[in-house]
A.B. asks: 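Below is a structure I'd like to ask you about.
Letters A, B, ... mirror the listed sequences (proteins, then strands); counts begin at 1.
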Number of protein chains: 4
Amino acid sequence: MAAPESAPAASARTTPDATRRSEKSRRAIYDAALGLVAEVGYAKTTVEGIAARAGVGKQTIYRWWSSKADVLLEAFLDLSEQAAREAGQAPYVIPDTGDVAADLRAVLRATVDQLRDPRFEAPSRALAAEGVVNEQLGRVFVAKLLEPSLRLYVDRLRAAQRAGQVRADVDPRIALELFVSPLAQRWLQYTGPISHEYTDTLVDYALNGLAPR
Amino acid sequence: MAAPESAPAASARTTPDATRRSEKSRRAIYDAALGLVAEVGYAKTTVEGIAARAGVGKQTIYRWWSSKADVLLEAFLDLSEQAAREAGQAPYVIPDTGDVAADLRAVLRATVDQLRDPRFEAPSRALAAEGVVNEQLGRVFVAKLLEPSLRLYVDRLRAAQRAGQVRADVDPRIALELFVSPLAQRWLQYTGPISHEYTDTLVDYALNGLAPR
Amino acid sequence: MAAPESAPAASARTTPDATRRSEKSRRAIYDAALGLVAEVGYAKTTVEGIAARAGVGKQTIYRWWSSKADVLLEAFLDLSEQAAREAGQAPYVIPDTGDVAADLRAVLRATVDQLRDPRFEAPSRALAAEGVVNEQLGRVFVAKLLEPSLRLYVDRLRAAQRAGQVRADVDPRIALELFVSPLAQRWLQYTGPISHEYTDTLVDYALNGLAPR
Amino acid sequence: MAAPESAPAASARTTPDATRRSEKSRRAIYDAALGLVAEVGYAKTTVEGIAARAGVGKQTIYRWWSSKADVLLEAFLDLSEQAAREAGQAPYVIPDTGDVAADLRAVLRATVDQLRDPRFEAPSRALAAEGVVNEQLGRVFVAKLLEPSLRLYVDRLRAAQRAGQVRADVDPRIALELFVSPLAQRWLQYTGPISHEYTDTLVDYALNGLAPR
DNA sequence: GTGTAAGCGAGACGGTACGTCTGGTCTTCAT
DNA sequence: ATGAAGACCAGACGTACCGTCTCGCTTACAC
């Protein structure tokens with residue numbers, strides 16, 4: 001009797017051959033997806049609309065992705081990688097000038113600026129929202145996009161611990177949330193305005209504590 | 001002068017008469033909406049489905065609400081009020097035992113417990129997600145549900161300032177974010193596990209600061 | 001044994017008290033119904049629309065009539081009676097000048113003129129159409145509106161038989177259809193144009209026969 | 001000057017491609033439409049019902065037809081063609097035995113039988129009714145279904161004229177109405193019963209005239 | 001003259017169907 | 001065999017009316 005695995009197309013719907021994949025279509029789909037999300041928002045972006053704008057058949061999308069969220073996630077990952085490459089030599093690290101407070105202030109100010117970049121705003125907000133409600137996507141979003149950035153904070157805080165600027169007993173992964181999460185929540189949930197002063201204040205409070213010294 | 005038309009309302013599509021509203025239908029719609037969101041999730045909850053489960057005509061929903069999100073928001077507000085009433089005498093205030101650290105730990109532990117209550121989880125997550133992407137709803141969600149709770153922290157922190165347990169120069173509205181936002185983000189975005197130890201740690205870090213004293 | 005009729009409200013849904021009926025509303029409903037049918041056609045005329053235009057509650061319509069068709073039928077009957085009263089003393093009879101051919105030509109010419117009166121056209125066409133598909137209404141329509149007119153032809157043809165102008169062995173009720181039905185069909189089904197010449201021809205063919213003499 | 005939009009179709013909502021049309025769906029829709037009209041009547045037949053019974057999406061109906069009446073008209077035309085093909089060799093002509101009276105009696109008797117065939121009754125009555133009130137449909141109904149049949153009478157009457165059995169000066173198109181229209185009216189409007197005796201009588205009256213000879 | 005019980009205007013209600021839109025699948029043809 | 005195109009089944013959308021059911025509010029008859 002035949003091995004249960006060797007059947008070419010028993011259960012699965014004949015996995016497509018990735019080597020024949022059209023790179024042009026993939027790019028066009030990414031561009032269309034990001035463009036539509038930026039222009040009309042995530043909810044009004046449809047697979048049909050992406051296909052039409054990309055000049056692609058719907059099946060070409062469904063062949064390679066499972067859903068609108070999936071397309072957008074990959075498109076956004078691609079955009080991020082691209083942006084990272086463009087950023088060039090100043091890459092995946094938080095500067096270490098020796099003054100952890102100043103360094104954190106600087107990187108948070110840069111984050112504030114990026115959160116306001118309309119190129120990123122719509123898709124990242126859309127993905128974050130979908131991730132809230134779609135746990136599977138949310139975890140991928142966090143793992144692929146959020147955690148890599150948070151890891152930089154962990155590294156910088158560890159260096160600060162070695163330099164004696166941060167208590168040795170704090171868990172850096174938790175510590176970073178004291179200034180990152182407030183910014184994230186204000187951005188995501190409109191719970192308050194975002195500004196350089198605000199993030200500066202967060203760094204101050206977090207490092208020095210709310211209690212008097 | 002003879003008015004040719006007695007119609008008073010020019011633009012609106014004849015606002016319904018709220019005094020004749022069926023309380024029974026309203027309750028049935030709330031229950032159906034919350035039930036469906038809990039069972040099949042927000043995305044698969046439809047107005048048609050809510051109407052069917054509530055034993056109500058679709059028009060009765062569209063007469064009083066403008067969208068699925070609107071129904072769910074009100075349903076959840078109602079649920080919250082109801083829960084608050086049931087909770088009884090221990091209501092809208094954070095206890096003040098004189099030890100601000102202990103008080104914050106206690107209330108955050110209670111919040112952790114509530115976030116895990118399946119009765120609240122699905123609808124509040126759904127509303128939060130919708131609020132991320134739908135600014136109008138998001139602002140209502142924050143104003144009606146989030147801010148009232150945050151205000152309690154502001155009050156407690158101010159008392160702590162008066163008692164000399166919190167620096168007089170900190171802005172309580174920002175300060176509270178140091179322990180509230182991390183919890184919120186972990187819950188919303190699955191960026192990490194939630195536990196009593198975790199929130200205890202947040203309170204410690206926030207009050208004492210990350211820097212050595 | 002109790003009279004089977006006198007029961008006040010056993011099974012029925014409490015028959016309304018006709019003595020208290022509002023004559024003003026009845027008239028307003030007739031006018032609204034005829035007006036709407038004339039303006040937007042039967043299909044787009046709704047009970048709701050009639051009620052709104054008549055300044056009347058929907059229940060006032062459903063209290064006295066069973067359906068849109070029923071309202072319109074009565075409205076049209078009322079209109080016909082009114083028109084008949086206006087027409088004055090020369091009413092329900094076909095003139096008898098002694099020349100049956102001339103008399104039939106005259107009355108058919110008058111019918112042609114009436115069929116073209118826009119005041120009658122829309123409602124009578126609408127009723128006729130509804131009667132085609134709704135047998136109950138159709139029979140009432142025929143009994144109340146059509147048969148009384150046909151009876152006049154029967155009378156006139158009988159007189160002609162007595163005068164020796166029409167074969168004694170023909171059934172007048174069938175004979176009249178030879179000239180009435182063609183006109184009716186052309187009008188109802190758009191199978192051909194309607195004119196005085198046309199009806200004159202019908203009378204000629206019917207009386208003299210198609211076969212050579 | 002460059003065209004800002006490549007969209008070729010300005011007004012139309014992208015006409016569907018008829019070459020890709022599903023023949024299976026078309027047949028299923030015809031069958032469902034005729035079946036429903038026969039079973040529950042025209043008024044209670046809905047597009048939704050047709051789609052459901054045909055196992056077809058609603059859009060597939062709206063893609064190819066504009067309304068319920070339109071579907072039914074085509075379905076009925078198709079049915080008629082089919083019936084004609086089945087009828088086979090005995091086709092589109094009225095027999096000519098040399099005796100015009102006998103021939104007309106025979107064909108009218110056949111018509112009576114057909115009018116009572118329940119397979120035809122419901123849809124043709126429904127279409128006729130819709131045609132009364134919807135002029136556009138009515139004219140198509142007449143042109144496609146009625147006139148072709150009437151033409152046969154015209155041909156037969158002309159032959160009778162050549163044979164000297166019908167007056168040379170009568171217009172056959174009008175003459176045929178003397179026996180066809182009465183039957184049509186009785187059937188459509190329930191103005192009287194239909195039988196072979198009745199149509200025999202009509203032929204007699206029409207050929208020989210009402211006046212004594 | 002006052003009470004009571006209808007009819008009334010109004011319109012909310014549970015429903016059905018409308019005609020449209022989108023999701024995801026399947027089919028056809030060109031490359 | 002992939003990809004563009006788009007027809008297909010499915011089903012939710014928000015709207016329009018259906019016929020029923022309260023609501024107050026006039027009437028008008030009975031007391």
Side-chain angles (χ1 to χ4, degrees), chain A residues 13-14 16-22 24-25 28 44-49 51-52 54-64 66-68, chain B residues 13-22 24-25 28 44-52 54-64 66-68, chain C residues 13-14 16-22 24-25 28 44-52 54-64 66-68, chain D residues 13-14 16-22 24-25 28 44-52 54-64 66-68:
Chain A
R13 188 124 297 282
T14 57
D17 178 350
T19 65
R20 296 219 180 192
R21 185 164 182 184
S22 160
K24 210 179 69 180
S25 295
K44 286 190 185 164
T45 296
T46 65
V47 172
E48 219 147 65
V56 140
K58 280 202 291 180
Q59 196 53 42
T60 301
I61 294 183
Y62 283 111
R63 190 158 18 234
W64 303 108
S66 65
S67 66
K68 174 170 71 165
Chain B
R13 183 127 295 283
T14 60
T15 322
D17 179 348
T19 67
R20 306 230 169 164
R21 185 166 180 182
S22 161
K24 211 179 71 179
S25 294
K44 285 189 185 164
T45 296
T46 65
V47 173
E48 216 147 68
I50 295 171
V56 138
K58 277 204 289 181
Q59 198 56 48
T60 299
I61 295 184
Y62 285 111
R63 194 169 6 245
W64 303 110
S66 65
S67 65
K68 175 172 71 165
Chain C
R13 182 126 302 282
T14 60
D17 179 350
T19 67
R20 298 215 177 189
R21 185 166 181 182
S22 161
K24 211 179 71 180
S25 294
K44 285 189 185 164
T45 296
T46 65
V47 173
E48 220 148 66
I50 295 170
V56 137
K58 279 202 292 179
Q59 196 55 42
T60 301
I61 294 184
Y62 285 111
R63 196 173 358 252
W64 302 110
S66 65
S67 65
K68 175 172 70 165
Chain D
R13 182 128 296 284
T14 58
D17 178 349
T19 66
R20 304 226 171 164
R21 185 164 181 183
S22 161
K24 211 178 69 179
S25 295
K44 286 190 185 164
T45 296
T46 65
V47 174
E48 219 148 65
I50 296 172
V56 141
K58 280 205 288 180
Q59 199 55 47
T60 300
I61 294 184
Y62 285 110
R63 189 165 13 241
W64 302 110
S66 64
S67 65
K68 175 171 69 165

A.B. asks: Who passes side-chain hydrogen bond (donor to acceptor under 3.5 Å, both in side chains) against A:Gln59, sequence neighbours left out?
C.D. replies: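 Scan of A:Gln59 (side-chain hydrogen bond (donor to acceptor under 3.5 Å, both in side chains), adjacent residues dropped) gives none.
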A.B. asks: Measuring from C:Thr19:OG1 to C:Arg21:CZ, what's the distance to the nearest 0.5 Å?
C.D. replies: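 C:Thr19 OG1 to C:Arg21 CZ: 11.5 Å, rounded to 0.5 Å.
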A.B. asks: I need the minimum non-hydrogen distance between A:Thr60 and A:Ser25, along with the two atoms involved.
C.D. replies: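 Where A:Thr60 meets A:Ser25 most closely, the heavy atoms are CG2-CB, 4.4 Å.
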A.B. asks: In this structure, how many angstroms lie between the P atom of E:dG14 and the CD1 atom of B:Ile61, rounded?
C.D. replies: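 For the pair B:Ile61 CD1 and E:dG14 P, the rounded distance is 9 Å.
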A.B. asks: When rounded to the nearest 0.5 angstrom, what is the spacing between NZ in C:Lys58 and OG1 in C:Thr46?
C.D. replies: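 It is 8.5 Å, given to the nearest 0.5 Å.
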A.B. asks: First locate atom NZ of B:Lys68, then atom CD1 of B:Ile50, and finally report the distance between them rounded to the nearest 0.5 Å.
C.D. replies: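 Separation between the atoms: 7.5 Å.
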A.B. asks: Starting at the 5' end of nucleotides 4-13 of chain F, put B wherever the base has a protein heavy atom under 4.0 Å, S where only the sugar-phosphate does, and a dash everywhere else.
C.D. replies: SB-BBBB-BB
A.B. asks: For the pair made of CD1 in C:Ile50 and C1' in F:dC17, what is the distance, rounded to whole Å?
C.D. replies: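 Taking atom C1' of F:dC17 as the reference, CD1 of C:Ile50 is at 12 Å.
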